[in-house]
Amino acid sequence: MKINPILQKDIKTKLRGWRSVILICSYVTLLIFILLIYFVGNDLIYSYTMPSFNPRVAIGGYNLLITFQFALLYLAVPAIIATSISSERERQTLDLMLVTKTPAREIIAGKILVSIAHILLLLIASMPVVGVVFFFGGIGFPDLLKLIFFYILTSLFVASSGVFFSTIFKRNIVSIITTYIFLGLMTFGPFLGFFAYSLLNQMTFSPTYRSIALSLFPSPVFGFLSFYFSGTSHYDIFGSYYGHGLFSSIAYEFEVLIASETGLLRYMQPWIVNGIFSVLFSLLLILLSSAALNPVRRKK
Amino acid sequence: MLHVENLTKRYNGTLAVDRLNMDIPEGEIYGFVGANGAGKTTTMRIIAGLLAPSSGKVFIGGIDVFKEPLEVKKHIGYMPDFFGVYDDLKVYEYMDFYAGLYGISKQKSRGLTDSLLELVRLTNKKDAYVDTLSRGMKQRLCLARSLIHDPEFLILDEPASGLDPRARVEMTEILKELRSLGKTILISSHILHELSELCTSIGIIDAGKLIASGSVQDILEKMSHANQVKIRVSSKEEEAVKILMEIPGIGSISSVVGVIDVNMEGGDEACVRVLKTLVERDIPVVSFQPVESSLETVFMQLTKGEEQ
Ligand SMILES: Nc1ncnc2c1ncn2[C@@H]1O[C@H](COP(=O)(O)OP(=O)(O)O)[C@@H](O)[C@H]1O
Ligand SMILES: [Mg+2]
């Protein structure tokens with residue numbers, strides 16, 4: 001199989017020297033550090049009821065870790081991708097690439113692959129840490145794979161948004177700012193709209209999973225809710241789910257709502273709904289970016 | 001090889017290229033000359049498929065550049081006037097990268113890279129980082145890059161600009177080698193003499209219009225009715241100037257310690273008449289030398305009036 005030359009070049013240059021090794025090591029250290037702090041804090045709180053390791057705490061730690069990774073993905077991918085085309089333009093290397101027989105869409109795809117590869121590298125490097133929690137907390141291996149798959153879909157969504165703005169805006173800085181603003185709107189906009197609606201219709205408002213999915217589907221945070229473990233199904237002997245923090249309680253609410261749906265929707269968990277949207281929307285953005293990059297159709 | 005038909009490019013209001021027609025047969029080295037801002041880069045980027053024209057057609061090897069852009073790109077090598085390099089790549093990795101973009105396999109690209117680096121005299125820099133190269137070397141590397149897929153047609157936009165005289169000479173030597181390899185080349189410059197010994201044909205562009213085009217010889221002949229003569233006299237310089245001013249068809253006259261530069265219209269007969277008049281009037285003429293109209297003066301004459 002032919003590897004995309006842009007990805008190939010990036011792998012070659014980024015993995016050279018110690019920079020990336022240091023980056024990965026500090027990232028993993030940071031994850032371990034966060035986890036330790038969390039465990040130390042919670043062990044102190046729960047130690048009188050549970051002197052040994054508390055699986056519920058492990059689940060809390062897992063939720064915390066994956067949230068951190070998700071936030072990092074959201075912040076890091078735009079930083080890598082939002083300058084991908086505009087920096088080639090600023091560096092005056094874009095024409096050299098466009099004059100080759102590589103079509104614009106492959107250039108765009110290469111740039112997206114690069115940013116996904118970066119995230120994948122960090123994810124894989126962090127797997128041992130997440131694995132510890134997985135080991136103690138009873139989270140299944142398929143859950144982890146599902147999570148990584150969703151991370152990739154979200155990276156695709158974030159990266160295609162970034163590459164799109166990087167293509168249509170000439171300057172790096174404009175492209176970066178627009179990308180973050182756009183992602184902020186796509187991510188939190190649906191939630192704000194949803195909450196505003198629920199506040200205005202407080203009396204009659206009783207959301208079903210269908211109505212929630214229909215209003216929140218563009219937001220990767222909605223999809224990500226699938227991955228918070230309520231822990232209730234495994235560990236409800238330890239008490240009510242409200243003790244597990246906001247994320248777990250939201251996850252629990254979702255489980256209940258989804259379970260009360262009928263038909264196909266019963267199987268369409270948030271991550272699937274949002275994942276499908278991410279893929280379709282990304283394809284659209286890639287098409288638009290390629291068209292914008294294509295010199296002969298390009299204005300100016 | 002290249003056929004350009006009524007090419008026009010407008011940038012919101014300003015006309016950068018104005019109904020330009022151009023034909024370059026296979027094997028020609030076509031010098032594309034014009035002052036800065038004349039429209040050379042715009043024309044070449046359109047030909048390379050990097051810019052959409054407002055109207056007009058471009059064919060390379062019979063292929064329509066705007067209908068089959070990817071097909072055409074296999075046949076053209078392009079070197080822009082300004083370009084950047086990736087600073088974190090070594091010279092051979094740089095070549096590998098572009099080979100990859102042309103779909104050339106790794107094994108093949110190594111062999112090609114070696115021979116191209118030899119052509120542009122960078123063999124000993126193979127393992128150097130691209131950003132440590134001098135400007136002249138970068139320019140040569142960029143030329144090697146444009147040749148990686150062995151294109152038949154080269155578009156070189158001011159390949160010698162910004163180079164010191166030595167690097168210029170090196171670049172010219174390399175281009176001569178390319179000529180002997182049978183490449184068809186479209187090369188631009190705002191300095192004419194850079195191209196005169198290299199090119200087989202010349203086109204002069206001014207304010208987006210191709211104002212003269214043809215073989216180097218043709219262009220010179222077009223201008224042969226305008227002559228410049230250097231006259232040296234041993235004395236009576238002022239009298240000589242006075243006599244010259246009376247002769248019809250004489251343009252500007254300037255004299256500096258015994259040497260009089262005269263611009264005049266008409267061909268050889270006019271020269272004979274002027275010399276005869278001077279001798280008959282007892283002016284001690286030491287030498288009377290028609291100045292070969294160089295491409296440079298032709299260029300200045302063709303584009304005069306636009307400068308001010
Ligand atoms: N991107 C652009 N936007 C607007 N005007 C441009 C642009 N590029 C070139 N021009 C104008 O087009 C004319 C031709 O420029 P160019 O082709 O670069 O000339 P040359 O290469 O001969 O120096 C100039 O007047 C220039 O100002
Ligand atoms: Mg130019």
Side-chain angles (χ1 to χ4, degrees), chain A residues 1-21 23 80 83-111 113-114 118 167 170-172 290-300, chain B residues 9-12 41-42 44-54 58 64-90 93-94 96-106 109 129-131 142 145-146 148-149 151 155 157:
Chain A
M1 200 188 78
K2 208 185 93 209
I3 305 174
N4 185 300
I6 295 170
L7 179 63
Q8 215 170 353
K9 163 172 147 295
D10 189 76
I11 292 172
K12 195 180 296 170
T13 54
K14 292 287 157 48
L15 293 186
R16 180 154 45 209
W18 290 100
R19 209 176 49 184
S20 54
V21 178
L23 180 74
I80 304 168
T83 61
S84 59
I85 298 293
S86 49
S87 73
E88 297 267 358
R89 209 192 296 272
E90 282 189 0
R91 207 194 288 124
Q92 296 184 310
T93 46
L94 185 62
D95 275 356
L96 299 184
M97 208 141 66
L98 289 173
V99 85
T100 67
K101 77 171 183 85
T102 300
R105 62 165 189 282
E106 266 177 49
I107 295 174
I108 299 281
K111 294 296 183 184
L113 282 176
V114 165
H118 280 236
T167 308
K170 293 231 149 80
R171 293 188 43 225
N172 281 335
S290 311
L293 191 61
N294 204 337
V296 175
R297 252 177 287 157
R298 191 172 58 179
K299 299 279 172 286
K300 275 207 167 171
Chain B
K9 177 70 188 178
R10 226 174 260 107
Y11 289 110
N12 3 276
T41 298
T42 306
M44 292 174 115
R45 293 190 67 219
I46 294 173
I47 294 173
L50 288 169
L51 190 68
S54 305
V58 177
D64 190 324
V65 172
F66 311 119
K67 290 208 175 112
E68 294 176 76
L70 293 182
E71 181 56 33
V72 131
K73 280 168 183 171
K74 294 177 195 164
H75 303 282
I76 56 177
Y78 170 67
M79 179 172 170
D81 49 352
F82 298 106
F83 61 91
V85 292
Y86 303 99
D87 49 12
D88 47 6
L89 283 180
K90 294 177 179 175
E93 291 169 338
Y94 177 87
D96 275 355
F97 174 57
Y98 288 100
L101 288 173
Y102 278 109
I104 299 166
S105 72
K106 206 112 247 136
S109 98
Y129 277 95
V130 171
D131 61 338
C142 190
R145 173 207 56 81
S146 73
I148 189 84
H149 55 303
I155 303 166
D157 197 355

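Only this structure's heavy atoms are used, side chains among them; waters, hydrogens and symmetry mates stay out. Just so we're clear, the structure is a prediction, and the values are computed from it rather than from any experiment. Each chain gets a letter, A, B and so on, in the order its sequence line appears, and its residues count up from 1.
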Side chain / backbone / both / neither for [X] at chain A, heavy atoms under 4.5 Å:
X: B:Val85; value: backbone
X: B:Lys106; value: side chain
X: B:Asp96; value: side chain

Which heavy atom of [X] sits nearest to which heavy atom of [Y], and what is that distance?
X: A:Met97; Y: B:Leu101; value: CG-CD1, 3.6 Å
X: B:Ala48; Y: A:Val99; value: O-CG2, 3.9 Å
X: B:Gly84; Y: A:Thr93; value: O-CG2, 3.2 Å

Note: vs chain A, highest number of non-hydrogen pairs under 4.5 angstrom among B:Phe82, B:Phe83, B:Tyr98, B:Tyr102 is B:Tyr102
Rounded to the nearest 0.5 Å, what separation is found between the [atom1] atom of [X] and the [atom2] atom of [Y]?
X: A:Thr100; Y: B:Ile148; atom1: OG1; atom2: CD1; value: 12.0 Å
X: A:Asn294; Y: B:Leu70; atom1: CG; atom2: CG; value: 7.5 Å
X: A:Leu98; Y: B:Lys73; atom1: CG; atom2: NZ; value: 6.5 Å

Less than 4.5 Å to any heavy atom of chain B: does that hold for the side chain of A:Glu106, its backbone, both, or neither?
neither
Chain B contact via A:Ile6 - which portion, at a heavy-atom distance below 4.5 Å
both
Just wondering, more than 12 heavy atoms not from A:Arg171 lying within 6.0 Å of its CZ?
no
Side chain of A:Arg16, backbone of B:Asp88: donor and acceptor closer than 3.5 Å?
yes
Out of A:Glu88, A:Lys14, A:Glu90, A:Gln8, return the one with the most heavy atom pairs under 4.5 angstrom to chain B.
A:Glu88
Less than 4.5 Å apart, any side-chain heavy atom of A:Lys12 and any of B:Phe97?
no
